[in-house]
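Here is the structure we will look at.
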Amino acid sequence: MLKGIARGVKDSAIGMSLRAYVNDRLSEYGEIIDVNIDTSVNRVTARALLKGERDAVTITVERYEIESEGEARYIKLKSFTASRAWLTQILNKLLAGKRYKIPGAVSKLL
């Protein structure tokens, strides 16, 4: 039970860091409202209010992998779903299968 609680705390900390990181870099497109990470199944779900959208959208990274090269850590995004069909298609076409360097602060939490 303590292991599950510790994972939940870790997942929440990673989610808060991820939210701040994405909002800082992609604010011209909208704002991430909240992020839920489940490291036990490698899934990330975020709710975002995109510019031009009246309602929040939900975006899920259905699967990701963490890779290490020396001191650096990377996340490879495998597949996406979203509450808008067009967004699911764009995310899978442009981001699925790509790898991104994880910022140092977040990397330390993993």
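We're numbering straight along the sequence, starting at 1.
Of the inter-residue distances, the one linking Ser17 atom OG with Ile102 atom CD1 reads 11.5 Å to the nearest 0.5 angstrom. Once rounded to the nearest 0.5 Å, the distance linking OG of Ser12 with CG of Asn36 reads 8.0 Å. Taking CG of Leu95 as the start and CD1 of Ile59 as the end, the distance is 9.5 Å to the nearest 0.5 Å.
The side-chain contact (heavy atoms from CB on, under 4.5 Å) test applied to Ser68 returns Arg73, not counting sequence neighbours. Applying the side-chain hydrogen bond (donor to acceptor under 3.5 Å, both in side chains) criterion to Glu67, with sequence neighbours excluded, gives Arg99. Evaluation of the side-chain contact (heavy atoms from CB on, under 4.5 Å) rule for Ala20 yields no partner, not counting sequence neighbours. With sequence neighbours excluded, the residues forming a salt bridge (Lys or Arg N to Asp or Glu O under 4.0 Å) with Arg84 are Glu53, listed by chain and number. Scanning for side-chain contact (heavy atoms from CB on, under 4.5 Å) contacts around Asn42 gives Arg63, Tyr64, with sequence neighbours left out. In this view, Lys101 and Ala72, Tyr74 satisfy the side-chain contact (heavy atoms from CB on, under 4.5 Å) rule, not counting sequence neighbours. Residues that satisfy the side-chain hydrogen bond (donor to acceptor under 3.5 Å, both in side chains) test with Asp34, not counting sequence neighbours, are Arg47. By the side-chain hydrogen bond (donor to acceptor under 3.5 Å, both in side chains) test, Thr45 is found to be paired with Thr60, residues two or more places apart in sequence or in another chain being considered. Here Lys78 pairs with Glu65 under the salt bridge (Lys or Arg N to Asp or Glu O under 4.0 Å) rule; sequence neighbours left out.
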Which atom pairs, donor and acceptor, lie under 3.5 Å between side-chain atoms of residues 23-30 and protein residues at least two apart or in another chain?
residue	atom	partner	partner atom	Å
Asn23	OD1	Ile32	N	2.6
Asn23	ND2	Arg19	O	3.4
Asn23	ND2	Ile32	O	3.2

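The closest side-chain heavy-atom distance from Leu50 to Leu87 is below 4.5 Å.
For the residue pair Ser83 and Val57, the shortest heavy atom distance occurs at OG-CA, 3.3 Å.
Side-chain atoms of Thr81 and Glu62 include a donor-acceptor pair closer than 3.5 Å.
Here Ile33 sits in one hydrophobic cluster together with Leu49; the rule is ILVMFWY side chains under 4.5 Å apart, joined directly or through other members.
Although no hydrogens or angles enter the test, the distance criterion places no donor-acceptor pair under 3.5 Å between the side chain of Asn92 and the main chain of Ser79.
Hydrophobic clustering (side-chain heavy atoms under 4.5 Å, transitive across Ile, Leu, Val, Met, Phe, Trp, Tyr) groups Leu94 together with Trp86. Both Val35 and Val22 are members of a single hydrophobic cluster when ILVMFWY side chains are connected at heavy-atom separations under 4.5 Å.
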